[in-house]
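Structure first, commentary second.
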Amino acid sequence: MNYFSTIIFLLRDRQDFLEEIHQGVRLKSKISSLMISSFCFFALYGAIIGSFDGWAQALSSAIKLPALYLITLVVCLPTLYIFNVLFGSKQNIAQHFTYLLSAVSVIAILLCGFAPVTLFFLITINNSFKDYYFFMLLNVSIFALTGIIGVSFLYQIMRPIADPNDESVQAEKATALPAKAPDLTDFKPDFQVEASGKPEKSEFKNNLQVRTNILRFWLVLYGFVGSQLGWVLRPFFGSPGDGFALFRAKGGNIITGVWTAFTNLLN
Amino acid sequence: MKPDLEDLKITERELENLSGFEAGPIFIGGIFGGVYRSSVFRNPQRFLWFCLTEVLVFALIFTFTVPIGLSTLPGNVNNSIKDVSTTLQFLQTTVGIALLVLLLWNIYMGWRGKRFKGLMHLLDEIDRYHQVLAAIDLLDQLEAVDSQVNLANRQDALAALSLTRNSLVSALMTEKILRESRGLLARRHDLVTNIENNLSALQTIEINNRANEYGQLLNAALQIGMSVHAEIQQVSSRL
């Protein structure tokens with residue numbers, strides 16, 4: 001009933017939470033709760049940044065920001081799932097979706113953590129072009145920071161790890177895991193060696209390596225799709241003196257947009 | 001809660017294993033792909049949560065319709081979309097699709113919910129059973145603070161609740177077997193017999209303890225047991 005308790009469970013008992021996803025325990029309720037709670041957090045932050053340019057923009061951004069993150073996730077999910085299954089993952093699409101939603105929820109809660117800072121600057125700056133570019137770059141930095149943390153969280157939880165009961169891969173596991181992820185070292189694997197037809201060690205290692213590379217590639221893809229969708233859905237902040245616009249012209253991309261904002265701030 | 005009372009609880013994971021579905025206070029099988037419980041319309045608090053969930057789900061669906069709405073708009077290649085008529089056109093498409101999906105989702109849940117009537121009834125009984133456990137826990141707490149409150153026959157109450165728990169577990173298993181296998185398995189008979197035996201034992205305990213402090217709680221346990229028995233008989237006779 002309380003959808004936000006799932007995100008608290010994720011933050012407090014991360015290992016148990018991930019263990020439950022691995023075992024497929026209460027996946028549907030996890031997906032529902034994470035979707036709804038991350039939607040609420042994104043909508044709240046979207047409303048705050050949108051209120052820079054009035055209530056209409058606030059309302060628009062409260063829908064656009066959750067759309068940006070959640071649609072990007074749904075668009076990129078099949079790629080990750082199909083490639084992972086192709087290279088030996090035993091996890092189903094619901095488990096993949098829950099892992100990705102967990103990372104997105106972490107981004108959402110981090111953004112909410114920044115909400116008071118954004119709100120403070122929103123109140124203390126003027127609705128002028130100079131402040132607009134400052135506010136925009138401030139938020140781009142916040143989105144970049146939360147995105148990096150979210151992506152590294154996803155990389156940690158989804159990186160394929162070998163079976164802990166299989167002695168042949170223990171050594172590799174010990175060297176492969178970073179020193180600063182002790183809480184995830186006991187996390188159960190998604191690769192299980194079949195009793196009949198045990199694969200060769202080299203093939204096993206190759207598959208692990210390939211899946212780690214797939215994850216890295218997918219994270220880049222996620223960033224690309226997200227930035228393009230963000231560009232298509234803009235404005236999120238509005239523009240002073242320009243009036244409310246539902247969507248901007250389709251031309252350009254996010255890199256040119258950030259560069260323009262940066263040069264305008266310096267001039 | 002004391003450990004002996006804690007052991008009597010039917011945990012969410014146990015419930016999921018027994019029924020084959022994630023059972024929450026509002027939905028069976030989660031929001032997406034599951035069904036809502038009929039009890040949401042009898043409990044005002046749950047009904048409020050259900051309405052709130054409907055609003056949130058609508059907002060979530062609306063979020064996903066944004067690209068569809070955007071794709072139907074006349075080209076904004078060079079200009080921003082600012083005029084009211086285009087905005088209204090966008091809202092017509094997105095809100096329309098979102099409302100349609102929401103309606104279809106509710107119709108689907110209502111239609112699918114008919115299959116789960118037995119399970120819903122059993123879940124309501126499990127809620128009542130947990131309420132009885134909470135009441136005993138309250139009595140335990142009172143006893144701990146005030147030494148003058150000395151409640152007799154606690155063990156009988158726990159024994160009765162243990163029987164009720166077994167009946168509920170058996171009933172959940174029976175319902176699952178009947179739902180999945182349409183009553184073809186021989187195990188059904190054993191499980192129904194088990195429920196009947198538990199019910200007889202419950203009636204005996206209840207008669208012996210009718211006059212003491214736990215009488216009401218024992219009566220509640222008996223009512224749950226009888227209700228479970230009746231539900232299983234009904235489900236069995238339907239097949």
Side-chain angles (χ1 to χ4, degrees), chain A residues 1-6 20 23-40 42-43 46 56-57 59-75 94 97-98 101 228-229 232-235 238-239 242-252, chain B residues 11-17 21-34 37 40 43 45-46 48-50 52-71 73 75-91 94-95 98:
Chain A
M1 205 148 73
N2 187 353
Y3 304 117
F4 299 100
S5 59
T6 306
E20 281 195 8
Q23 290 171 356
V25 177
R26 298 182 70 80
L27 279 186
K28 283 183 179 175
S29 63
K30 280 188 180 64
I31 289 173
S32 312
S33 302
L34 290 176
M35 283 268 267
I36 286 178
S37 51
S38 58
F39 169 81
C40 292
F42 283 131
Q57 187 59 54
L59 204 63
S60 170
S61 298
I63 292 294
K64 282 180 182 178
L65 197 63
L68 169 63
Y69 280 93
L70 296 176
I71 292 172
T72 307
L73 186 78
V74 172
V75 167
F97 191 39
T98 319
L101 265 178
Q228 183 55 30
L229 186 62
V232 171
L233 292 179
R234 77 197 195 289
S239 186
D242 208 19
F244 169 69
L246 190 62
F247 295 105
R248 292 247 174 87
K250 278 179 182 168
Chain B
T11 61
E12 286 183 340
R13 193 178 283 201
E14 203 177 351
L15 204 57
E16 188 181 345
N17 289 336
F21 286 97
E22 299 166 26
I26 304 176
F27 292 94
I28 297 172
I31 297 176
F32 306 111
R37 285 173 60 175
V40 294
N43 184 325
Q45 197 193 354
R46 285 185 184 181
L48 193 71
W49 270 104
F50 177 69
L52 186 69
T53 306
E54 290 270 327
V55 173
L56 287 171
V57 169
F58 171 75
L60 204 57
I61 298 168
F62 181 74
T63 297
F64 281 95
T65 60
V66 169
I68 302 170
L70 182 61
S71 66
L73 293 180
N76 60 327
V77 178
N78 298 316
N79 300 311
S80 300
I81 294 171
K82 289 181 177 179
D83 57 306
V84 178
S85 63
T86 319
T87 306
L88 282 177
Q89 189 190 333
F90 170 79
L91 286 175
T94 49
V95 172

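Order of the sequence lines sets the chain letters (A, B, ...), proteins ahead of strands, with each chain counted from 1.
- In terms of the salt bridge (Lys or Arg N to Asp or Glu O under 4.0 Å) criterion, residue partners of B:E14 (sequence neighbours excluded) are, by chain and number, B:R165.
- Most heavy-atom pairs under 4.5 Å with chain A, from the set B:F64, B:F21, B:F50: that is B:F64.
- Contacts between A:L229 and chain B at a heavy-atom distance below 4.5 Å are absent for every atom of the residue.
- In terms of the ring pair (Phe, Tyr, Trp, His ring centres under 6.0 Å) criterion, residue partners of B:F90 (sequence neighbours excluded) are, by chain and number, A:F247.
- Of the listed residues (A:L233, A:L68, A:L27), the one with the most heavy-atom contacts under 4.5 Å to chain B is A:L27.
- The shortest distance between side-chain heavy atoms of A:L70 and A:S38 falls below 4.5 Å.
- When all heavy atoms of A:A94 and A:T98 are compared, the pair lying nearest together is O-OG1, 2.5 Å.
- Of the listed residues (B:L56, B:L60, B:T65), the greatest number of heavy-atom pairs within a distance under 4.5 Å of chain A belongs to B:L60.
- Using a 4.5 Å cut-off between heavy atoms, B:F27 touches chain A through its side chain atoms alone.
- In terms of heavy-atom pairs under 4.5 Å with chain A, the best-connected choice from B:V66, B:T63, B:L52 is B:T63.
- A salt bridge does not link A:K30 to B:E22: none of the charged side-chain nitrogens sits closer than 4.0 Å to a carboxylate oxygen.
- Residues B:I31 and B:T53 form a side-chain contact, since some pair of their non-hydrogen atoms from C-beta on lies under 4.5 Å apart.
- Per-residue counts of heavy-atom pairs under 4.5 Å with chain B were compared for A:P235, A:A245, A:A43, A:S33; the largest is that of A:A245.
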